[in-house]
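Let me begin by presenting the structure, written as structure tokens, before commenting on it.
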Amino acid sequence: MEAGQAPRRNLTGSNQMGHGTDERWCVMSTPNGGFVDKILIRGGKPLNGAVHVRGAKNAALPLMAAVIMAEEPCTLHNVPCLHDVFTMDKLLSTMGMQIEFTGRYMTLQADGISEPYAPYDLVRKMRASFFVLGPLLARFGSAKVSLPGGCAIGTRPVDIHLKGLEALGASICIEDGYVVAKGPLNGANYALDFPSVGATENLMMAACRAKGVTRLTNVAREPEIEDLAYLLNTMGAQISGAGTDMITVVGVDSLGGAEHVVIPDRIEAGTFLVAGVATHGDVTVLNANPDHLPGFLDKLREAGAEVEAHGSRIRAAAPNGLRAVDVTTRPYPGFPTDLQAQTMTMLCRAEGVSHIKETVFENRFMQAAELVRMGADITLDGNTAIVRGVPRLSGAPVMASDLRASAALVIAGLMADQGATAIARVYHIDRGYEQIEERLAALGATIERVRN
Ligand code: EPZ
């Protein structure tokens, strides 16, 4: 298997290069994570049709980490077949967890984990690996986890995670780039400086095994937090308030097994809806949850799109184009930062001037320079991007820089009505979108992946 290639699971569960897509099984139809792959797009066609939304990447990753604390096997359904899920699988398996991942069905058994250690060479590949800190500390009373380091969108410190664990009684020190944490953990009250998603998840998991009651305030309210609390309570935890700004956890002595269905990926749903309206098409996402996209769907409507939600179906269409809107990203339930890049692309051809303010991350406009190369008119002023609508975009060779910026470049390629777009470093997109080219092609896109 080449460097950077994620292990692939097929019907037998063995790692081998699978070919041919089967909707039911996690056999990727294209190489996943190839560093030299490119995606080629010839745009100018409206996307039309329906697409199934997969399980949420940002729910599946903490759910997998939570199983570290389970004294019996757990089963997860609707797990997305993504590079990041394979990376978490590899980290947990290296630590001793037994994982079988076939199709969208994953069984995990944690009794083989012998030492609470997460090495740098695995943690550095994906920041979400840091979610193992709380569960390891809760189960073993100590943990040594590599600091995750920054990434393209920001330095992404973990101070809120560490201050919260110290509030729970842990002693924390940093040694050679590792967090060395020692318990025991005792229930406490702790107010997060910022509603950090990861810190909320790490602290909620750690508090499950702390002695006494923990009250976490100013916590993240994302649906993925509620999904994690649901799994933990099924395992025997006593958590209340997930999804609000205060979470209460009554510590328990042990956590058992559970079976759980991962919630739909709201960011994937939003990405496909943006692709539909940005190409002046009509796209419906299936098995989605409209309640998980409150700030986003309203913004699409404000931009002039027709948006209808019925049960688990969301339809968005913009046959007559879009008008400029102002967007400010916020923690949930505000406009999601993970849909900012895609929305910026959509607004590049909207009538008028849009202002996009990114308040969650300090460097999340990486897509702007590449969009300008495709003919967009974008000016950056600190954490605000001023987007002046232009009549058209043109295809160009571009470079993906991070997961959501790469999705934005794919959408730009689909919008470009002259020339072809070649996107390099598509391993970024494989981290968070399953079979992206097949699924867009099914909506009418002219798109293919080529290996150099
Ligand atoms: C989660 O990252 C998501 N990742 C991100 O999605 C998402 O963008 C982010 O939440 C915000 O919604 C996963 O769930 C795996 P944060 P996380 O802690 O937990 C600062 C994607 O594209 N901060 O809420 O790392 C931090 O620097 C990814 O799917 C501290 O200062 O995000 C950032 O500016 C990208 N100290 C802000 O808070 C801390 O201790 C939000 O970060 C922690 C965070």
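First listed ligand is number 1; within each ligand, the first listed atom is number 1. Hydrogens, waters and symmetry mates are skipped; everything else that's a heavy atom, side chains included, is used. Residues take their numbers from the sequence shown, with the count starting at 1. Small disclaimer: the values here were computed from a predicted structure and weren't measured.
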At what distance is the nearest protein heavy atom to atom 32 (O) of ligand 1, and which residue and atom is it? F361 CZ, 4.0 Å

Between ligand 1 and R364, can you find any atom pair, the residue atom being a heavy atom, that is separated by under 4.0 Å? yes

Looking only at distances, can you tell me whether any N or O atom of T337, backbone or side chain, sits closer than 3.5 Å to an N or O atom of ligand 1? no

For F194, atoms of ligand 1 separated by under 4.0 Å from a heavy atom: 37 (C), 38 (O), 41 (C)

Going by atom types only, do T271 and Y433 share a side-chain donor-acceptor pair under 3.5 Å? yes

Check R404 against ligand 1 and report side chain, backbone, both or neither, counting heavy atoms closer than 4.0 Å. side chain

Any R221 side-chain heavy atom under 4.5 Å of P333 side chain: yes

Nearest to atom 10 (O) of ligand 1 by heavy atom, I160, I225, V197: which? V197

Side chain, backbone, both or neither: which part of D159 has a heavy atom under 4.0 Å from ligand 1? both

Donor-acceptor contact present, side-chain K125 to main-chain L91, <3.5 Å: no

What atoms in ligand 1 come closer than 4.0 Å to a heavy atom of V158? 39 (C), 40 (O)

Side-chain donor-acceptor contact under 3.5 Å, R425 with S406: no

As an exercise, identify every atom of ligand 1 less than 4.0 angstrom from a heavy atom of R127. 25 (O)

Should you measure from each heavy atom of K57, which atoms of ligand 1 turn up under 4.0 Å away? 21 (C), 29 (O)

Apply the side chain to side chain contact (heavy atoms under 4.5 Å, CB included) test between L203 and each candidate in V249, L133, L165; give the one that qualifies. L165

Using heavy atoms and a threshold below 4.0 Å, how should the contact between V360 and ligand 1 be classified: side chain, backbone, both, or neither? both

Among D402, D338, T329, N363, which one puts a heavy atom closest to atom 28 (C) of ligand 1? D338

Taking both backbone and side-chain atoms of G198, is any N or O found less than 3.5 Å from an N or O belonging to ligand 1? yes

Can you check whether K57's main-chain N or O pairs, donor with acceptor, with D265's side chain at less than 3.5 Å? yes

For a 4.5 angstrom cut-off between non-hydrogen side-chain atoms, does I174 reach L147? yes

Quick one: does ligand 1 sit under 4.0 Å from the side chain of E201, the backbone, both or neither, non-hydrogen atoms only? neither

Going by atom types alone, do Y332 and R266 pair a side-chain donor with an acceptor below 3.5 Å? no

Could you tell me whether H83 and Y427 have their ring centroids closer than 6.0 angstrom? no

Identity and separation of the nearest protein heavy atom to atom 15 (C) of ligand 1: N58 OD1, 3.3 Å

Applying a 4.0 Å heavy-atom criterion (strictly less than), which segment of S196 is in contact with ligand 1: side chain, backbone, both, or neither? both

Indicate yes or no for a side-chain donor-acceptor contact from Q342 to the backbone of D338 under 3.5 Å, with no hydrogens or angles considered. yes

Are any non-hydrogen side-chain atoms of V325 and H355 less than 4.5 angstrom apart? no

Is there a heavy atom of P157 sitting under 4.0 angstrom from any atom of ligand 1? yes

For atom 2 (O) of ligand 1, closest protein heavy-atom neighbour: R156 NH2, 3.3 Å

With side chains defined as the heavy atoms from C-beta onward, is the minimum distance between Q340 and Q367 less than 4.5 Å? yes

Heavy atoms only, cut-off 4.0 Å: how does E224 contact ligand 1, side chain, backbone, both, or neither? neither

